[in-house]
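Naming convention: chains lettered A, B, ... in sequence-line order (proteins, then strands); numbering from 1 in each chain. This is a predicted model, so every value here is computed, not measured.
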Amino acid sequence: MKKLELIKIVITVLLCSLLVVPIILSNHSWPTHARNYLLANAQSDTGATNTVSAIYLGYRAMDTLGETLVLLVSVTGTMAILVKLGKEQTDEETTSFSLTPEKRPTNRLRTHLLETVASKLGPIVLLFGFYVMLYGHISPGGGFQGGVIVASAIVFLALGTEVKSKLTSTFVLSRIESLSFLLLILASISGVFFESGFFGNPIKSASSLSANFIILLNIIIGLKVGTSIAVMCIAMMGGSHDH
Amino acid sequence: MIIERILIALLFLSGFAAIVGMRNIIKKIFGLNLLNASVVLLFILEGSRIGNQAPILDADITNMVDPIPQALMLTAIVIGVCVSALSLALAVRLYKATGSLDIQVITERLQREH
Amino acid sequence: MNILLLSLILALGVYALLAKDLLHSVIALSAISMLSALLFTILRAPDVAITEAAVGAGVSTVIFVWAIRHTQRRDKEEP
């Protein structure tokens, strides 16, 4: 019955396009009030020169809290399914591409290129990730971007070296993730005690220091995002047996 | 201007057709990724019409791009990758339980076990 | 320039859905993320470009390759 299925798919796509295509193709002019207000007031309200950072860490910090929560829930769910899968397999199947030469399958296309390049590039990418995280308030970058780059660097280090260090063990990384989430909650409550409301800037009075709150939030969010994505990737590669 | 919107609408519809029509579960998750990418492209494209400078407040900036769609799309990209990761883990679990990636074969085998 | 990049993205998207080898589709999705990051830089959105490049070509490709490795690599048509 392939023709019947094809007709059903075509009717569904036509109905969806009736709803969606007029929205995409509409031609109204984009309003400019928000852009003009932010051009004049973003630096004096939050202390950041990067306007996008000022929005998602200053004016709409509640969205950032929600997104961090979604990341936490999804990584927890994925790890729960992964650990159950890992218990049903033998060791040789899962750890066959990240460890010592004796355990690797013999294959003449398999060279030492991966280990050499990844182990040399790992610390450089880690340094770059911390730079992007810390300078997020005056140049493009910020917590999320730096965090994902730090996660990539941790995956490089796990693939490249054979030494089991504390930086690439899931035990230490998951503890850092939980600690970062706790620090995020504490930093958001601290605004209440200094008369700025929930998620408000507690050091608003001194105008030269008010960007420090955004730097602190960037560091906390970067550590959280980085370690949670690194834990998920290392568990996928099979390295969650060694604590 | 209108051609770019038509291309983005075609990308959206092809992602939707993949979710509805493909029989392999991993191809359906590819379609979810394409839907996400098309919506992000639409917002950034529309927000960039009213200016021609990047939204970093230097000394002499007069005509910057709207920064609000960019802040919203940062959140959308991260949430998209979270949804992909969780759905892929569920797809692998389904494969280990039934032995196939075809959605009709999976439905039949799960119904037989009841 | 925008139209050229968007039509390349559409062509790669359709190829990713119709390929028989799933690894080819994953590489096509990674290429879509790279072209999107280039398009965001042209449209004056540097934060979104860094995020899309790091997330799309890094994390997303890794999780897709893991999923293909633990299931089948070819898209078999069962009758």
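- A donor-acceptor pair under 3.5 Å is formed between the side chain of A/N218 and the backbone N or O of A/G143.
- Heavy-atom distances place both the backbone and the side chain of A/N27 under 4.5 Å from chain B.
- For A/I138, the part lying near chain B is the backbone, with the side chain staying farther off; criterion is any non-hydrogen pair under 4.5 Å.
- Interface remark: A/P31 contributes backbone atoms only to the contact with chain B (heavy atom separation under 4.5 Å).
- Looking at A/V20, only its side chain comes within 4.5 Å of chain B, counting heavy atoms on both sides.
- Within the 4.5 angstrom heavy-atom criterion, only backbone atoms of B/V65 (N, CA, C, O) approach chain A.
- Although no hydrogens or angles enter the test, the distance criterion places a donor-acceptor pair under 3.5 Å between the side chain of A/S53 and the main chain of A/G136.
- Contacts of B/I6 with chain A are made by both backbone and side-chain atoms, with heavy-atom separations under 4.5 Å.
- Within the 4.5 angstrom heavy-atom criterion, no atom of A/T76 approaches chain B.
- Proximity to chain B (any heavy atom under 4.5 Å) is restricted, for A/I55, to the side chain, taken from C-beta onward.
- Using a 4.5 Å cut-off between heavy atoms, B/I56 contacts chain A through both its backbone and its side chain.
- Distance alone, capped at 3.5 Å, is enough to place a donor-acceptor pair between the A/T64 side chain and the A/Y56 backbone.
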Run the side chain to side chain contact (heavy atoms under 4.5 Å, CB included) test on A/K224 and A/T68 for me, step by step, so that the C-alpha distance in whole Å, both residues' side-chain angles and the decisive distance to 0.1 Å come before the verdict. CA-CA 8 Å; A/K224 175 174 192 328; A/T68 320; 3.1 Å; yes
